[in-house]
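Just so we're on the same page: letters track the sequence lines, and every chain starts at 1. All values below were derived from every heavy atom in this structure, side-chain atoms included, with hydrogens, water molecules and symmetry-related copies excluded.
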2 protein chains.
Amino acid sequence: MIGQDILNEEKLEELAEFFKALSHPVRLRIISILIEGKQCVKNLGELLNLSQPSVSQHLSILRSRGIVGWKREGSIICYYIKDERVKKIYNLLIKEEENGG
Amino acid sequence: MIGQDILNEEKLEELAEFFKALSHPVRLRIISILIEGKQCVKNLGELLNLSQPSVSQHLSILRSRGIVGWKREGSIICYYIKDERVKKIYNLLIKEEENGG
DNA sequence: TGCGTATATTAAATAATAATAATTTTTTGG
DNA sequence: CCAAAAAATTATTATTATTTAATATACGCA
């Protein structure tokens with residue numbers, strides 16, 4: 001059957017959740033920042049001009065989908081891109097477009 | 001400033017809308033079917049085992065984001081993938097994964 | 001024109017997300 | 001242990017998306 005061999009229901013749900021995590025301007029901005037390099041929550045809040053709890057909530061969504069990872073460094077927690085698919089998509093949608101891709 | 005040169009607010013919103021359109025299992029299935037080739041609404045409903053109005057609603061979301069296009073052929077309307085980014089992402093996420101990409 | 005098929009739109013009810021504010025936990029340093 | 005800083009969680013309310021059912025539109029043909 002068409003289009004059913006690769007994508008079973010479980011895989012579809014997982015993919016939809018993945019895209020849902022990317023479906024918010026703030027989270028896309030967070031991703032674009034983290035692609036440049038890891039950042040702590042406080043810095044993200046300042047770069048985004050958002051409250052700490054708000055940043056934390058968005059990070060928690062990205063974390064729960066495995067898109068970002070984190071590491072405590074002393075008193076702060078640094079976030080980074082964990083899911084390589086995100087980097088690939090970023091390159092494909094953003095970077096390539098710069099050269100009219 | 002980090003991550004702000006390329007992605008202005010407008011572009012971020014557009015991208016978020018793009019991902020939102022992909023954030024549903026049914027719409028992902030529709031896309032996977034249309035990537036194999038164009039299909040009319042009735043066939044889609046049968047392949048997806050969904051009611052006609054339900055398929056139409058999902059198509060309308062994909063249409064409004066420019067992800068699919070359509071063409072009337074006699075009494076039926078055929079839908080096809082219009083946004084090339086979708087094909088790229090599909091190849092990247094689905095096809096590459098088959099060979100352990 | 002009128003009927004049947006194909007598709008789209010609308011409406012109403014429910015569920016999911018987002019934004020904001022308040023509270024809590026964890027860690028560092030005195 | 002205590003206070004302050006950093007981050008996470010919770011609660012509340014507002015907004016948006018999804019589902020289902022009902023209705024409407026467009027086309028082809030007798």
Is the number of heavy atoms from other residues, nucleotides or ligands within 6.0 Å of CD (Glu10(A)) greater than 12?
no
Side chain to side chain, [X] and [Y], heavy atoms closer than 4.5 Å:
{"X": "Ile33(B)", "Y": "Asn43(B)", "result": "no"}
{"X": "Ile89(B)", "Y": "Leu93(A)", "result": "yes"}
{"X": "Ile77(B)", "Y": "Arg72(B)", "result": "yes"}
{"X": "Glu17(A)", "Y": "Lys20(A)", "result": "yes"}
{"X": "Arg27(B)", "Y": "Arg65(B)", "result": "no"}
{"X": "Phe18(A)", "Y": "Leu22(B)", "result": "no"}
{"X": "Ile30(B)", "Y": "Tyr79(B)", "result": "no"}

[X] has an atom [atom1]; how far is it from atom [atom2] of [N], in whole Å?
{"X": "Leu22(A)", "N": "dA18(C)", "atom1": "CG", "atom2": "P", "result": "12 Å"}
{"X": "Ile30(A)", "N": "dA18(C)", "atom1": "CD1", "atom2": "P", "result": "12 Å"}
{"X": "Arg63(B)", "N": "dT7(C)", "atom1": "CZ", "atom2": "P", "result": "12 Å"}
{"X": "Glu13(B)", "N": "dA18(C)", "atom1": "CD", "atom2": "P", "result": "12 Å"}

Nearest-0.5 Å distance that lies between atom NZ in Lys87(A) and atom CG in Leu34(A)
10.0 Å
Protein N or O to nucleotides 20-22 of chain C N or O, pairs below 3.5 Å:
{"from": "dT20(C)", "atom 1": "O4", "to": "Gln57(A)", "atom 2": "OE1", "distance (Å)": "3.4"}
{"from": "dT20(C)", "atom 1": "O4", "to": "Gln57(A)", "atom 2": "NE2", "distance (Å)": "3.1"}

5′-ward residue of the pair Val41(B)/Arg27(A) relative to DNA chain C
Val41(B)
Which of residues 64-78 of chain B have a heavy atom under 4.0 Å from DNA chain C?
Ser75(B), Ile76(B), Ile77(B)
Has Arg29(B) got a side-chain atom pairing as donor or acceptor with Leu7(A)'s backbone, closer than 3.5 angstrom?
yes
For the residue pair His58(B) and His24(B), does the interplanar ring angle fall in the parallel (under 30°), tilted (30 to 60°) or perpendicular (over 60°) class?
tilted
Note: chain A reaches DNA chain D at heavy-atom distances under 4.0 Å over the stretch, first to last nt, 5' to 3', of dA6(D) to dA11(D)
